[in-house]
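These notes concern the structure reproduced below.
Just so you know, these numbers come straight off a predicted model, no measurement behind them.
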Amino acid sequence: AYSAVANDATALVWNPAGLGLARRNQSQASQTSYFSQDINEQFGAVAIPSWRWGTIGVIYRHLGVTGIEGRDDRHDLVATDPSDPEPEVTAGYGREGAGE
C-alpha cells in the first residue's frame, strides 16, 4: 500500500511518480548485514525538490555477497572465498501535475 503514497527520497524504489510530491530536501541512508548468510547492503537516497522545476532524486544501492564456493564443471573446489558485489545507481525526475 505504501507504493501508492511514496513521496520521499525512496520514491524511486517504490513509485517514481511520487518523487514529484516531495516537499523538502531529503536524504536517507541505511546499512544492513545478514552475518549468517554473508550478505550486506548499503543504501543512500537523496531528493531535491524545486517548486518551479520539480524534484530530482538519486539512489545508490550496493548489495554484496561473500563466502560463495567457486567450483568448476567437475564440482572441484577452485576458489574458497569469491564475492559478488552488485552496485546500482538510479536517477529520476518527477513533477507534480506534469501529466495534466
Side-chain angles (χ1 to χ4, degrees):
Y2 178 74
S3 62
V5 295
N7 61 355
D8 59 5
T10 63
L12 282 172
V13 174
W14 304 109
N15 181 4
L19 195 59
L21 301 175
R23 297 290 178 235
R24 63 179 75 116
N25 291 344
Q26 299 177 10
S27 63
Q28 297 182 16
S30 69
Q31 195 279 328
T32 306
S33 294
Y34 303 103
F35 296 110
S36 63
Q37 294 140 353
D38 293 325
I39 298 172
N40 59 60
E41 178 184 18
Q42 291 84 32
F43 174 85
V46 175
I48 303 170
S50 165
W51 65 271
R52 187 173 188 180
W53 304 108
T55 304
I56 59 169
V58 177
I59 289 180
Y60 174 77
R61 295 172 78 178
H62 181 273
L63 181 65
V65 179
T66 59
I68 303 169
E69 290 183 347
R71 297 188 178 264
D72 63 10
D73 55 349
R74 294 183 305 207
H75 301 290
D76 292 330
L77 188 63
V78 294
T80 58
D81 194 25
S83 62
D84 185 22
E86 295 291 333
E88 172 190 350
V89 176
T90 305
Y93 168 79
R95 192 173 118 212
E96 188 175 9
E100 296 176 1

Checklist line | Members sharing Val46's hydrophobic cluster (side chains within less than 4.5 Å) | finding: Ile48, Ile56, Tyr93
Item checked: Gap separating the CG atom of Asp8 from the OG atom of Ser27, nearest 0.5 angstrom -> 11.0 Å
Check: Taking atom CG of Leu21 and atom OG1 of Thr55, what is their separation to the nearest 0.5 Å?
Finding: 8.0 Å
Next item on the list: Quick one: list whatever passes side-chain contact (heavy atoms from CB on, under 4.5 Å) with Arg24, sequence neighbours left out.
Entry: Gln26
Next item on the list: Sequence neighbours left out, what passes side-chain contact (heavy atoms from CB on, under 4.5 Å) with Ser33? Give chain and number order.
Entry: Gln31, Phe35, Asn40
Next item on the list: Could you state whether Leu12 and Val89 fall into the same hydrophobic cluster, counting links through intermediate Ile, Leu, Val, Met, Phe, Trp or Tyr residues with side-chain heavy atoms under 4.5 angstrom apart?
Entry: no
Check: Less than 4.5 Å apart, any side-chain heavy atom of Pro85 and any of His62?
Finding: yes
Item checked: No-hydrogen, no-angle side-chain donor-acceptor test under 3.5 Å, Gln28 and Ser30 -> no
Item checked: Smallest separation among heavy atoms of Ala45 and Ala9, with atom names -> CB-O, 3.6 Å
Item checked: Single hit among Leu63, Thr32, Val13 for side chain to side chain contact (heavy atoms under 4.5 Å, CB included) with Phe43 -> Val13
